[in-house]
Each structure stands twice: as C-alpha cells, then as structure tokens.
Novice: 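Attaching a single structure in structure tokens format; questions to follow.
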There are 2 protein chains.
Amino acid sequence: MVVQDIETRELRYFVAVAEELHFGRAAERLGIAQPPLSRAIRQLEHRLGVQLLDRDRRGVALTEAGKALLHEAKTALDAIAAATRRTQRAAAGSRSLVLVTKAGATHELLEQLLAAAEAEPDPVDVEVLLCEVGEQAGLLRDGTADVAIMHRPYDDLAGFDTEDVLTEGQVAILPRAHPLASREKLLLEEVQNVPDLPIARWPRLDGTYPEGPGPEVRNQAKLAQLVALGKTLLVIPASSRAWQWPRHVAVPVIDAPDVTTVVAWQPSSRSRTVASFVRKAIEVRERLMVSDAQDS
Amino acid sequence: MVVQDIETRELRYFVAVAEELHFGRAAERLGIAQPPLSRAIRQLEHRLGVQLLDRDRRGVALTEAGKALLHEAKTALDAIAAATRRTQRAAAGSRSLVLVTKAGATHELLEQLLAAAEAEPDPVDVEVLLCEVGEQAGLLRDGTADVAIMHRPYDDLAGFDTEDVLTEGQVAILPRAHPLASREKLLLEEVQNVPDLPIARWPRLDGTYPEGPGPEVRNQAKLAQLVALGKTLLVIPASSRAWQWPRHVAVPVIDAPDVTTVVAWQPSSRSRTVASFVRKAIEVRERLMVSDAQDS
DNA sequence: CCAGGCTAATACCCCTCGGGTATCACAGGG
DNA sequence: CCCTGTGATACCCGAGGGGTATTAGCCTGG
C-alpha cells in the first residue's frame, strides 16, 4: 500500500473534529461547511485504511486509532508551525531569542540570566514571553519560543533537552496571623489539610479540575490574589519568595520534593544563539553554587 | 500576517530541491515536471515572506533561512510519517512492538530482552528491525520503530527518552597472531595508530567520510569481513564479543570511554506496550547488575 | 406513537489551483 | 558565436476541495 503523505489540511481537520466531537462545530471552527469536512475525514480514513471515528447518529466518538492520531497529529502540526516560525526567525537573521517562562516565577534567576546574556560581547536580544502554567511545552514545541524556564518535577520535560540551573527546597506561604506561620518548619502532611486554607487546584491537561475543597485557579495572577486575600495556601520554591506579600510569611516545608529550575530547548535546535544562551545559564548556575557555598 | 499552515506537499518539494540543489533533478525525484516545482517553491517563499534559495543562473544555493527550513521540514515530515504509521499500528490493535537495533550489536542483551518480553503473561510480539549504524534515530522519529537499542556516547539520543540498561568497557579485536594480541590490556593511544591495522572510518551524517588511513565502512557486515581478513582493528563494547571470530582475540582497552547500552523511545509515545517493554528492560538491567556483582 | 429537531451523509455544481507542455531568458564553455 | 544546461513564464486542462440543498437516521417530548 503506497500511502502518500497526509496533508496538513487533513490533520487540522481531523484535530478539529476529534476535539469537538461534532462535525458541525468543527466545520464552523475551521471556517468551512460541514459536508466537505465529512468528506475530508472519510477520505482520510480511507487513505489510512483505518476507522478513526465511531459515528453514532447522535455524535461522534474516537476509536483507539483516532486517539492515537489526535495525539500524533498535534505534535506533527506543532512541528510544522515550528518550521515556519524558525525559518522566518532565521531569515530575520536576528541574534535574538524568545524565552518563555511562567508568569511570576523565578524572578531573581531570570534577572541574572538576562543580565548575563546582555553582558555578552555580542549581546543576544532576549525577548521574554510570559505564559500560563503548562503552556511552555507547547510554545517550545511549536517554535514560538526557543528556550523555556521550567521546573522539575512539575513541568513535562519529555522531548526536550534540559540543563539544570538551580535546585531548592519549597516554602509554604501563609498569612502572618495564621497559627502555622510561627512555626520554624512544616511537613507536607500538615500543610495539605489545613481546613481554613485549602490548597488551590490547577487544571489538568484536558482542562478539567481535580476534586477537592480548594479554589480553582488557572494562572499565577489569580493565585496571587487568592493568597493575598488569605483564601488559600501555597507551597512554592524558596526563591519565588520574590513575589511575597508583606502580610505573609514563608515557612520551609522540609519534606516537600526539591524543585529544580531548568532551561529547556528543542533538541533539534541547531541555533548557535540557543547554545550560547544555555552556556550562559550554566555559568549563572556555577555562580549560584559558589554563593550558596559561601552562605552556609 | 496570517500565515496559513504549510502543506506537507510543499515541505516535500522544498526538501527535494534543497537536497538536490537542482530543480530538474528534484522534480524528477518527485515524479513531477520542473515548472510546477519552481512555482511551488516560489509560492512557498512568498507565503513565508522569506527567500529560501539563491538562484544563480547556474544552480541553486540555500540561504540561511533555507538551511533552517530544510532541517525543520525533515523533522516535520518525520512527525507526519510517524502519525500515519502509529495510527495504523494502533488500528491493528496489536500488542506488538517494533524494536530497531544495529545489525550485529548487542546480541546477548537483545536475547535477554526478547526472552523477558516473551515471558509476560500477556506476551508482547516484538518485531526486530536491523539497520545501518546511525539510522536508528530516524526510524524512531518517523514511527517505523517504537523502541531502539542505542549506545551512548556514540548514538545521537537528542529528543528521545532513554533508560540505561548496561554499561561496559571496550575491547580491541585483534588477529590472534598480532603483536598486541598477547597484551593483558591496551591504551587507546596504542590502538589508534597501529600502522598495519588502521581503524575503520564510518560515514558522517552527511554521508562523507573523515580523512584517515583506515578502510571506509558503512555497515557491520562489511566491517566484520574486514576484521576477519585482518585488515582493520576494532574497538567495541565488551559484550559484543558475541560476534567474535575464532582467529581473533579481545583485549580490554582500559582508557576507552565506557559504552552504555540504552533503550530509547519517543517521549511523545503513550503506548502502554512501549512502557511495559521498558519496564521489562529495567528488570533485565537489575538482573545483569546482580550477576555482575556475583562475578566480581 | 408520532412529530420535530438534531446529527452526519449524499448529490451536485463551481472554480480554484496543482500539474503538464511549450517556450523563453540567460550564463558559460567550446 | 552558437550550443548546452539552467530556472522562469505562459498557457491550458482537469482533479478535487468547497459550497448549497437535501436526505436519512435517531432521539426526545408531547
């Protein structure tokens, strides 16, 4: 069977249908009419020799193969988007770099990295892109960003090359007046079930929220507000104290897993600019380790 | 600028031209005529707003942006090929797995892995694919294979998830009658410049060979023949002795870098089959480590 | 139990655009 | 100076992608 390549148009169409599970809505989202979409998907199925959708007269469901394709198609489309972005960037010839990080996190470290990049004899122009939690991977994959600052073990680093920059313990952020605020140190267990300060719930990859008493949050700004209002409790890497609020206290949570801040990039990247930025990041790490040693 | 996605057809066309650096030959390779190809590339350049090729009246050269796109396009096309392959595999519903490894390498280890996979209550049907050195990464990326057995530091593991299975020293393979064959151990330096047994040269990624006195080899079979004829000298992981020949001797090269055999897979893989195979591989590693400890 | 409203599939038409042939424009080399 | 080999143009054709109108099932509600 000579399977000629799938066209990206077909992948876009399939992704739309697979995500909407509804031909009409998918067609609307794609800006085309429903019948051509139905036809395109049928053709795709026929070409692959695989049934992708179970069409119940009332709606549509993905088969196992369909689930597989949905996943593969997304990464393929990301790769294509990355191709255009990187090509255009290369054409601009810029010694410039897009760095993506979570809004609000890693303030001091970021400053140091940027300063180091500035200090180069041939300075790299670093554009900083702030995004919601969990979006970094996608932006890196689709070429919007060249490097990301991410956190192990929280972020999904699969498929990226990474370089550790900083490992640190975590602290709980509490209202100054809270009973736990006077403690020297805390345990995870103590922090997890504070009745009046339930831990906030972040959305999963599919957008739904886990069960629990805590408020639902989607970004750091909302979270910061909730913390400031004394509505929730927060366990974050020690260095993120940078966005602390005067009315709150940071108490080390000694058995919380260490968080490692890493710079991540696409392994397929051949950009010299990325390479030199990573080298700078390693220098910053060395510097941090030295000053750590002096502290203790 | 609303840049609609590039179609895979355009990527294929561009890759052909970029690799051939000649519109006529590229068109022939694609099975189309030259004029439509010229037009397609022009459209692509226009759409991206980027000049990809420098057309000299006598031939074609890649611009910087063109080089970038060539690289990106290849990975994107691999991703698309992977999408169809994995979808079809998923549709077949098979608890089967394609494992790719270099012909001739890792004989014993592979046997153990396969035996372990067989021994499962719900056995995984592992299809073994043997390929030339350096091809594994591509086959893994384009979805032909699900897992690969590769060797650090020799193979390019960028972009894959890996699990170490076995670390070992390297030995030199010598004709029994050779002066060095009687030695207890050797140093890299001694091995590197043996006038009558120059080390074989492998092709680089672009297909050219490095300079040197040794014979050019492209695959293990050819190499095996050369070794058997006493034409070249070989430094390989100790366990690869499995393909030793009676007339040859293996002498440890004590300062050669350790070689680690790893199983590698696409981090985007969500296949339960791959996951369970990797788990099996880890079990095999444990077993090997125990028997190592008993040996010493 | 039937009507009405969803859904995806079919039928059919249009016209864009991908591909083919013929030819041109131009640089180098004999 | 002409010939050769290169990519670009001009022009035509037809497949196929997209639109509208309609149909065919299935579920729900009265």
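Throughout, a chain's letter reflects where its sequence line sits, starting with A, and its residues are numbered from 1.
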Novice: Calculate the interatomic distance between E7(B) atom CD and dG16(D) atom P; express it in whole Å.
Specialist: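 Result: 15 Å.
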Novice: Closer than 3.5 angstrom, by distance alone: can the side chain of Q34(A) be matched with the main-chain N or O of A27(A) as a donor-acceptor pair?
Specialist: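 Flag not set: sc Q34(A) to bb A27(A) has no pair under 3.5 Å.
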Novice: Is there a donor-acceptor pair under 3.5 Å between the side chain of R86(A) and the backbone N or O of H71(B)?
Specialist: no
Novice: In this structure, how many angstroms lie between the C1' atom of dA9(C) and the NE2 atom of H46(A), rounded?
Specialist: 16 Å
Novice: Rounded to the Å, how far apart are R12(A) CZ and dG17(D) P?
Specialist: 13 Å
Novice: Under the rule for side chain to side chain contact (heavy atoms under 4.5 Å, CB included), what residues qualify as partners of E19(A), not counting sequence neighbours?
Specialist: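 For E19(A) the side chain to side chain contact (heavy atoms under 4.5 Å, CB included) partners, ignoring immediate neighbours, are V15(A), R29(A), L70(A), K74(A).
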Novice: Distance to the ring centre below 6.0 angstrom and angle to the axis at most 45 degrees; does that hold for R25(A) and F23(A)?
Specialist: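 No, R25(A) does not sit over the ring of F23(A).
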Novice: Rounded to the nearest 0.5 Å, what separates atom CD1 in I41(B) from atom OH in Y13(B)?
Specialist: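 I41(B) atom CD1 to Y13(B) atom OH measures 9.5 Å (nearest 0.5 Å).
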Novice: Do any of residues 16-25 of chain A sit with a heavy atom less than 4.0 Å from DNA chain D, and if so which?
Specialist: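 Listed by number, there are none.
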Novice: I'd like to know if the side chain of H151(A) and the backbone of Y154(A) have a donor-acceptor N/O pair within less than 3.5 Å.
Specialist: no
Novice: L30(A) CG to dG19(D) P: how many Å, rounded?
Specialist: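 Distance, rounded to whole Å: 10 Å.
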Novice: Phosphate oxygens OP1/OP2 of dG18(D): is one of them under 4.0 Å from a side-chain N or O of R9(A)?
Specialist: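 Indeed, a polar side-chain atom of R9(A) lies that close.
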Novice: Show your reasoning for whether side chain to side chain contact (heavy atoms under 4.5 Å, CB included) applies to F160(A) and V262(A).
Specialist: CA-CA 11 Å; F160(A) 301 123; V262(A) 304; over 6 Å; no
Novice: In residues 31-42 of chain B, what residues come within less than 4.0 Å of DNA chain C, judged by heavy atoms?
Specialist: G31(B), I32(B), A33(B), P35(B), P36(B), R39(B)
Novice: Rounded to whole angstroms, how far apart are OH on Y13(A) and P on dA8(C)?
Specialist: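 In whole Å, dA8(C) P and Y13(A) OH are 16 Å from each other.
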Novice: Nearest whole Å is fine: how far is dG5(D) P from E28(B) CD?
Specialist: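 After rounding, the reported distance stands at 14 Å.
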Novice: Salt bridge check: are R9(B) and D5(A) linked by an N-O gap of less than 4.0 Å?
Specialist: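 A salt bridge is absent here (no side-chain N lies under 4.0 Å from a carboxylate O).
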Novice: For D54(A) and dT7(C), what is the distance between atoms CG and C1' respectively, to the nearest whole Å?
Specialist: 16 Å
Novice: For the pair E7(B) (side chain) and T8(A) (backbone), establish whether a donor and an acceptor sit closer than 3.5 Å, ignoring hydrogens and angles.
Specialist: yes
